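Just so it is clear: chains get the letters A, B, ... in the order the sequence lines come, proteins before strands, and each one is counted from 1. No experiment lies behind these values; they were computed from the predicted model shown.
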Amino acid sequence: MKQTFFQQLRSHFKHGLSAELAEPQRWVGSFLFALTILFLFAFALGDLEEKMKVQVLTAEFFLCSFFVLQITHLRIFAAEEEDKAVDIIQSYPTVMSTYYIAKVLLAILFSALIIFPFLGLMILLHGFPALTGKFALIAALSVVSLSALGVLLSWMTQKAFGRELLFPLLYFPLAVPVLLSAVQASFCLWGLAPEAMFLKWLSLLSGLCVIYFTLGFLLFDEITGWE
Amino acid sequence: MIENPMLKVDQLSFSFQHKQLFESLSFELKPGDILHLKGPNGCGKSTLLSILAGLRKPSSGQVRIKSSAANSIEARSFIEYLPPEKSGLFLKMTARQNLSFWSSLKDRQSATGEIDRCLRNWGLGSAFIKYFPTQRFSTGMKRRLALARISLSQSPCFLLDEPLNGLDEEGVHLFKNMLEQHRNNGGSAIVVSHESQILKTLFTDQLTLHL
Amino acid sequence: MNLTKKDKKAFFLGAGVFAALVLVWTSAAWLVPAEAFQGEVYRILYIHVPSASCAFLCASLLFGFSIASLVKKSPQAQFGLWARASAEIGLFFTVLTLATGSLWGKPTWGTWWTWDARLTTTFVLALLYGAYLLLESSMPAGILRQKVCAVMGVLIFADVPIIYKSVTWWRTLHQPPTLNFAGSVPMDGPILRTLIFSLVLCVASCLWFVWQRSANLRLRLLFEDQSFRQWRGV
Amino acid sequence: MTNTYITAAFTLGLLAFLGLALWLFLQRSRLRILIKTLQEEEGERKDA
């Protein structure tokens with residue numbers, strides 16, 4: 001009666017999707033957060049010289065996506081924790097790594113749902129020159145690697161006291177290389193950094209995706225089940 | 001041929017922050033047995049059930065479910081666990097979504113017809129229940145939905161912690177029928193409950209934990 | 001003062017290492033000949049480089065103990081305590097590295113803090129150690145805490161080289177590393193010897209600190225168990 | 001001017017090491033005392 005890997009992955013993902021859709025206020029909240037960032041920067045931007053403007057807009061974009069990701073990851077297990085469905089999932093014959101992968105995919109889906117429209121708005125309103133495939137690739141890679149990391153940390157801190165304070169303190173230092181390479185890679189796009197470095201930063205970003213995903217995939221089993 | 005026991009516990013002991021809950025506990029559960037777990041509050045009944053459900057690691061001793069360790073995937077496919085206070089539901093989702101998720105996890109993929117019949121059996125068949133999130137259910141109805149999940153799964157071994165809390169007359173009656181049917185089909189169960197008079201007829205043997 | 005004989009021996013050994021360190025550092029600070037380009041201020045290297053290496057050594061110690069506590073399932077093995085001790089001592093050495101780094105930066109670059117590749121990496125490492133200790137203190141004692149902290153230890157170790165690589169790429173655009181471990185500073189004769197001496201002694205004292213701190217943690221655990229058992233009248 | 005930074009760095013290093021060793025030493029002796037009083041208590045309880 002043992003389910004295959006993909007069957008369980010599908011049922012976790014399908015169920016998680018309807019769980020997220022059943023509770024829209026969670027990710028609508030972070031969309032409103034993104035809008036506030038958009039307006040704040042619009043007030044503060046003024047008329048900067050072109051090179052400076054691009055730098056500030058890049059900072060705005062990655063600052064906002066980092067916090068949207070953090071809000072999403074902090075609440076990713078809320079549906080299960082509410083009525084202790086987590087215990088039932090762990091008492092069921094679930095392959096916990098499929099549960100991890102399903103949650104990471106959901107985190108990526110719902111944060112991308114907020115971050116990419118936000119990017120569209122920035123391009124429209126501020127003339128942010130990010131309408132290139134390369135920048136979309138950078139944004140996608142950083143969302144994926146941060147989601148793989150965020151879901152793992154969110155499960156780890158589930159039973160900790162003062163979780164809302166602890167989670168960002170764990171999340172930020174581990175996210176430094178992702179944010180750094182994302183910002184520097186996008187600077188290469190606009191001539192603020194040597195062109196040759198773009199591929200290096202991209203390889204580092206994708207390396208981070210692989211590392212955080214495999215670590216999460218392997219280590220997730222260790223922190224579930226018999227606690 | 002003596003059938004191999006459904007669940008075998010030997011020399012199990014558990015201490016939580018230096019408080020010894022139980023010491024070298026051994027018992028067996030054969031198919032068709034309904035064990036009543038009794039004992040004063042705080043003697044570790046719920047802890048014992050969570051160990052058997054593979055949620056907690058015992059300090060020492062072994063738990064074998066159909067000859068595989070309690071926290072292995074094979075063992076988990078045989079048991080069905082009901083937590084004491086909370087019923088383990090997705091509160092923002094409807095009763096149908098809850099049941100279809102749990103059945104898909106146990107490779108049963110029960111069709112909506114089967115789910116609806118199960119809901120009707122437990123008196124949860126009305127339209128209101130089909131379309132509204134379970135957070136609007138009363139405790140009794142939540143308990144019935146959790147018991148519906150357990151009966152739908154048809155796993156051989158049930159671990160039920162205070163199944164009757166919140167249930168009304170009809171609920172208790174439905175639960176007794178389910179347990180009886182489960183026993184006749186060769187299933188086994190461990191029940192932690194304080195209303196032992198109501199369920200006395202169903203229990204085959206009992207185990208008392210002391211403080 | 002009723003330390004056992006074993007304690008006295010351990011602290012005596014520690015005092016010996018410390019005395020040797022005092023000797024090497026005082027000679028490094030004043031006696032060893034000045035370096036051609038930077039004059040006197042390069043001497044801070046003798047304390048900055050060893051403490052930085054100890055900071056990164058503690059990261060690998062933390063990694064080793066985390067893997068051990070993940071693999072070894074026996075609850076008695078106190079790898080969790082060793083991991084925590086190495087994280088605490090690691091934090092101590094990262095702060096020391098940052099302090100000596102900025103003391104070295106002031107005369108060389110005229111500012112207390114520069115986003116130099118190694119300083120930034122050490123700064124992030126300090127954040128990681130702080131995060132690890134905060135995670136451990138905010139979870140109830142038990143097997144889950146041990147496993148979660150071990151996972152954090154693995155994440156830290158996996159992250160340090162990546163941080164170092166990315167920060168070095170980032171900083172080399174603006175100003176090439178004037179001094180790195182192998183070093184543009186001509187390493188020969190007395191300079192190299194003193195550096196190796198202070199490095200060896202610094203590593204020795206780091207291991208000693210980790211060892212003593214974990215012994216204290218084990219002792220406290222023993223005291224807690226015993227007092228609780230006594231209170232329970234077991 | 002520069003050697004003030006050197007002396008500052010080295011004294012900081014040595015003081016830090018000394019402080020840490022001292023902290024460990026005091027902690028160790030405090031724990032030993034606590035455990036001793038515990039054992040004495042245990043002894044008294046056994047005799048009583």
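- Ranked by heavy-atom pairs under 4.5 Å with chain A, the list Glu85(B), Lys142(B), Arg149(B) is led by Arg149(B).
- A distance-only check finds a donor-acceptor pair linking the side chain of Ser11(A) to the backbone of Gln7(A) [under 3.5 Å].
- In terms of modelled atom types and a separation under 3.5 Å, the side chain of Tyr212(A) and the main chain of Leu174(A) share a donor-acceptor contact.
- The contact between Pro58(B) and chain A is made entirely by side chain atoms (from C-beta outward), counting heavy-atom distances below 4.5 Å.
- The contact between Glu82(A) and chain B is made by backbone and side chain atoms together, counting heavy-atom distances below 4.5 Å.
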Verdict with supporting geometry, Glu20(A) and Arg75(A), salt bridge (Lys or Arg N to Asp or Glu O under 4.0 Å): CA-CA 10 Å; Glu20(A) 291 292 330; Arg75(A) 307 299 313 148; over 6 Å; no
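- Contact annotation for Leu21(A): neither backbone nor side-chain heavy atoms come within less than 4.5 Å of a heavy atom of chain B.
- The main-chain N or O of Gly39(B) is found under 3.5 Å from a side-chain atom of Lys45(B) such that the two form a donor-acceptor pair.
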